[in-house]
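Below, each value reflects all heavy atoms present in this structure, side chains not excepted, and no hydrogens, waters or symmetry copies.
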Amino acid sequence: MPIIQLPDGSKRQYDEAVTAATIASDIGPGLAKAALAAKVDGLDWDLNRPIETDCLLQLITAKDSEAALELVRHDCAHIMAEAVLELYPGTQVTIGPAIENGFYYDFHREDPFSTEDLASIEARMHEIVDRDELITRGVWTRDEAVAFYKEKNEPFKVELVESIPAEETVSFYTQGDFIDLCRGPHLVSTGKAGHAFKLMKVAGAYWRGDSNRPMLQRIYGTAWLSEKELKNYLTMLEEAEKRDHRKLGRQLDFFHLQEEAAGSVFWHPRGWTLYREIEDYMRRRLDNAHYSEVKTPQLVDRSLWEASGHWDKFGENMFTAETNEDRTLALKPMNCPGHVQIYRQGVKSYRDLPLRMAEFGSCHRNEPSGALHGIMRVRAFTQDDAHIFCTEDQINSESVAFCHLLQEIYADFGFTDIRVKFSDRPEVRAGDDETWDKAEKALADATKAAELETTLNPGEGAFYGPKLEFVLRDAIGRDWQCGTLQVDFVLPERLDAEYVAEDGNRHRPVMLHRAILGSLERWIGILIEQYSGRMPVWLSPVQLVIASITDSSNDYAKEVYEAALAAGLRAELDTRNEKIGYKIREHSTAKIPFILAVGGREEEARTVAIRQLGSDGQQVLGVEEAVSMLCDAATPPDLKQDRA
RNA sequence: GCUGCUAUAGCUCCAGCGGUAGAGCGCACCCUUGGUAAGGGUGAGGUCGCGUGUUCGAAUCACGCUAGCAGCACCA
């Protein structure tokens, strides 16, 4: 005789087991229609699953959009699997969860699915929704489930079920002729899933995410509660495509990539100007934060990589070169061993610490071919790398200072939504617990002092120490992991770095590995996408174009151009034999922040007509006034006068 | 690296499915000197990603390779 308590505190009593669906219709026909699933004492519950004991019941409707979406997406996965089995008998089903924005299902089949197959699968899915098949839940013992799938010759499912403890039961869901092992919950019938879904792509995916195991065929779909939301999502994808850095990089003439140097960037003058502007900015920030910049060799004998431990762990991904004297050199994949070599020159005293050694380090890593992606994931890149050699007592203050620096720098580039992942001690690790306690506390305190919230990544720290990972969110909500701060007790030991302490004895320093932008290449890719190619003025490769209206104003245009150059602005002169409308269009498309049009009227009055990107109005200013206004707009954020 | 797809003019793309290819933009030249997102004309430009094979003949068919795209795996 269950007593059902509702979220508003009211209670209902029933004489026998009752379903949430019944309760919903007892409350009202509107709710009965709107209810999609339920939560019983916080547990997911199907509407038609009997409730036998007293509980707290919560009905889920489309208003609980997150829960409702999850239901719809998960149902879509099942509906897709049902459609696939109908169309391609003999296909094996494996797993199919709801994911962000949609769902997928992994199938095993001799002939892979083609993009054309998606259309027919999708059409069949719509049919299944229209059939409005009842979805019913059943329960088996584990062994019944194993027997069922053995009978059906579904080895992947057998493996899944066998990984469940023998004494446990498993639930399964049936809709039409389709049956799938599933934790649930599900909607009442396939009709409830609606039609706001679309199959997106097919791709291979390893069974259980393990590259040593067979590859399955994964079909991805997106699903929403309404056609409108589906449409919005598809529009958003189109927008994201428009700001793709690979496309914009070519359009804006920033860089190109080509087959003969896969994974390395050919920087064009405009892109390189942007790159240098960022490097100059970072150099100023590092100088102000009391870092010393160094440069270490590209090619280093393998013995150093063996000593540092990199050869063992990452040797396969290092580029090597043989010399005619039988030496094996490796292109550096990172800068830390080189920095330790500089540290080790001469005897260091505790008075030298903390010693902050920075490098715009060009590194090469032989990334797997499938990992390459525009300039975001490349084989040759430059890190804004630095290593802080310090004592254990200095970890805290150095970490705090670093977090502050990082936040300011991100803000200067327009990123304020920053998440921090805190990865603490892994199972297998070097160093004693006391040292780990100290290092973890120091890092945690530092993020607190910098007013950064962290989420814990348990056990994900490096074997040599805990780390922070800084993830920023861009204008369209994508996350990018850029900065990092890692505490390292191991490398100083391995490469024999030491300092003389106040007590006159030699001690090991701690090394803090840290980067803010990560890789300059990737950072620029992120910036391009963040700003859709419309870079802030200080970063724009060309800050203004002076365009003459007729060639009788060419000399005056040149005069203005020289004035802009003399003021340190990045200006270009356009005196081509084209109409002003044409020039405006072209430079607007090239996302130049300011266009200065000059004609007879301007020449007469010694003025310029300024048009700012994104507005169609114009502002007429005297030349000097204009140049000073533009210089102001072009000042890097760290050099602004009003900055504290 | 794995699975699937793709590769045609500088760029964006179409036609071609065994008989050596076309548009728009861009580029060059000429006309035009025009006041805020494309003025007009003419012209040049392609070993159809690379290699091998089949064939009288390959952009087209087969095999191999390379690179790119999507996803998976990887990311010190």
Side-chain angles (χ1 to χ4, degrees), chain A residues 104 106 109 111-118 200-220 241 244 246-247 250-251 253 256-263 305 308-318 332-337 363 365-374 376-379 381 383 385 462-464 467 481 484 486 488 491 513 515 518-519 522 547-554 575-590 595-602 609-618 620:
Chain A
Y104 68 78
D106 285 347
R109 182 165 175 254
D111 297 321
F113 295 107
S114 69
T115 322
E116 290 79 61
D117 295 333
L118 291 189
M200 305 298 282
K201 51 200 162 200
V202 263
Y206 295 111
W207 170 234
R208 299 199 138 181
D210 183 341
S211 57
N212 296 312
R213 311 209 57 187
M215 182 159 272
L216 308 169
Q217 301 293 318
R218 175 173 298 178
I219 302 180
Y220 282 93
E241 209 172 305
D244 190 312
R246 293 167 296 187
K247 196 177 166 147
R250 187 182 310 113
Q251 269 173 21
D253 197 17
H256 84 269
L257 301 160
Q258 70 184 50
E259 197 168 331
E260 291 82 351
W305 305 110
S308 70
H310 291 104
W311 189 267
D312 237 19
K313 270 196 105 127
F314 301 103
E316 297 232 321
N317 298 314
M318 285 164 68
K332 69 169 169 180
M334 53 189 332
N335 310 298
C336 12
C363 297
R365 295 178 186 174
N366 196 0
E367 302 285 2
S369 57
L372 301 179
H373 179 84
M376 300 280 214
R377 185 87 182 266
V378 285
R379 294 196 173 125
F381 56 94
Q383 293 177 314
D385 200 7
F463 75 96
Y464 49 73
K467 61 182 178 186
Q481 188 177 310
T484 182
Q486 305 174 10
D488 180 1
L491 210 55
H513 304 245
S519 112
R522 186 156 164 278
S548 58
I549 289 170
T550 68
D551 56 15
S552 60
S553 312
N554 283 357
T575 52
R576 291 174 304 168
N577 177 13
E578 296 290 351
K579 290 178 136 176
I580 191 65
Y582 180 91
K583 294 182 182 181
I584 298 285
R585 179 186 156 78
E586 188 174 284
H587 299 126
S588 299
T589 308
I595 299 169
L596 275 54
V598 296
R601 294 208 292 270
E602 286 75 19
I610 303 177
R611 182 190 169 111
Q612 191 163 175
L613 184 61
S615 85
D616 22 332
Q618 40 184 317
V620 179

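The line from CZ of A:R365 to CZ of A:R379 is 13.5 Å long, rounded to the nearest 0.5 Å. The OG1 atom of A:T575 sits 13.5 Å away from atom CD1 of A:I549, with the distance rounded to the nearest 0.5 Å. To the nearest 0.5 angstrom, A:I219 atom CD1 is 7.5 Å from A:D117 atom CG.
If you measure from atom CZ of A:R250 to atom C1' of B:rC25, you get 14 Å, rounded to the nearest angstrom. Summarising the geometry, the separation between CZ on A:R213 and C1' on B:rG1 is reported as 18 Å, rounded to the nearest angstrom. Atom CD in A:Q251 sits roughly 18 Å away from atom P in B:rG10 (whole-Å rounding). Rounding to whole angstrom units, OH of residue A:Y582 and P of B:rU33 are separated by 18 Å. A straight line from NE2 of A:H256 to C1' of B:rC11 spans 14 Å, rounded to a whole angstrom. Counting to the nearest Å, the C1' atom of B:rG35 and the CD1 atom of A:I595 are 13 Å from each other. If you measure from atom CG of A:D106 to atom P of B:rG4, you get 15 Å, rounded to the nearest angstrom. Taking atom CD of A:Q612 as the reference point, atom C1' of B:rU36 lies 15 Å away to the nearest angstrom.
Across B:rA67 and B:rC25, the matching P atoms stand 35 Å from one another, rounded to whole Å. Taking the P atoms as reference points, B:rC61 lies 14 Å from B:rC5, given to the whole Å. Rounded to whole Å, the P atom of B:rA59 lies 6 Å from the corresponding atom of B:rC48. Spacing between B:rA58 and B:rU54 at atom C1', rounded to whole Å, works out to 10 Å. B:rU8 and B:rU20 have their C1' atoms separated by 13 Å, given to the nearest Å. Distance noted for atom P between B:rU60 and B:rC50: 10 Å (whole Å). Using P as the reference atom, B:rG43 and B:rG22 are 15 Å apart when rounded to the nearest Å. Taking atom P in both B:rG57 and B:rG1, one finds a spacing of 35 Å when rounded to whole Å.
Among the protein residues, A:A462 comes within range of no part of the nucleic acid, since none of its heavy atoms lies under 4.0 Å from any strand. Residue contacts for A:I580: at a heavy-atom cut-off of 4.0 Å it reaches the sugar-phosphate backbone alone, with no base atom in range. Across all strands shown, A:E602 has heavy atoms under 4.0 Å from base atoms, whether or not it also approaches the sugar-phosphate.
Taking both residues in full, the closest heavy atoms of A:A547 and A:I595 are given as CB-CG2, 4.5 Å, listed atom of the first, atom of the second, then distance.
Inter-residue side-chain proximity for A:R601 and A:V620 is flagged as unmet; no heavy-atom pair is nearer than 4.5 Å. When side chains are defined from C-beta on, A:R246 does not count as touching A:M376, because their heavy atoms never get closer than 4.5 Å. The closest side-chain heavy-atom distance from A:T484 to A:H513 is not below 4.5 Å. Looking at A:R611 and A:H587, their side chains never come closer than 4.5 Å, going by heavy atoms from C-beta outward. Under the 4.5 Å side-chain criterion, counting only non-hydrogen atoms from C-beta, A:P112 is not in contact with A:V202. Using a 4.5 Å heavy-atom threshold, the side chains of A:S519 and A:R377 count as separate.
The environment of A:E316 atom CD is sparse: at most 12 non-hydrogen atoms of other residues, nucleotides or ligands sit within 6.0 angstrom.
Annotation: of the two residues near RNA chain B, A:F113 and A:T550, the 5′-most nearest-nucleotide partner is A:F113.
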So what is the 5' to 3' dot-bracket string for RNA chain B, if pairs are Watson-Crick or G-U wobble with both distances under 3.5 Å, crossing pairs use [ ] and | means the partner sits on another strand?
(((((((..((((.....[..)))).(((((.......))))).....(((((..]....))))))))))))....
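For A:D616 against B:rU36, a side-chain-to-base donor-acceptor contact under 3.5 Å is absent.
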Which letter, B, S or -, goes with each nucleotide of nucleotides 67-76 of chain B from 5' to 3', with contact meaning a protein heavy atom under 4.0 Å?
SSSSBBBBBB
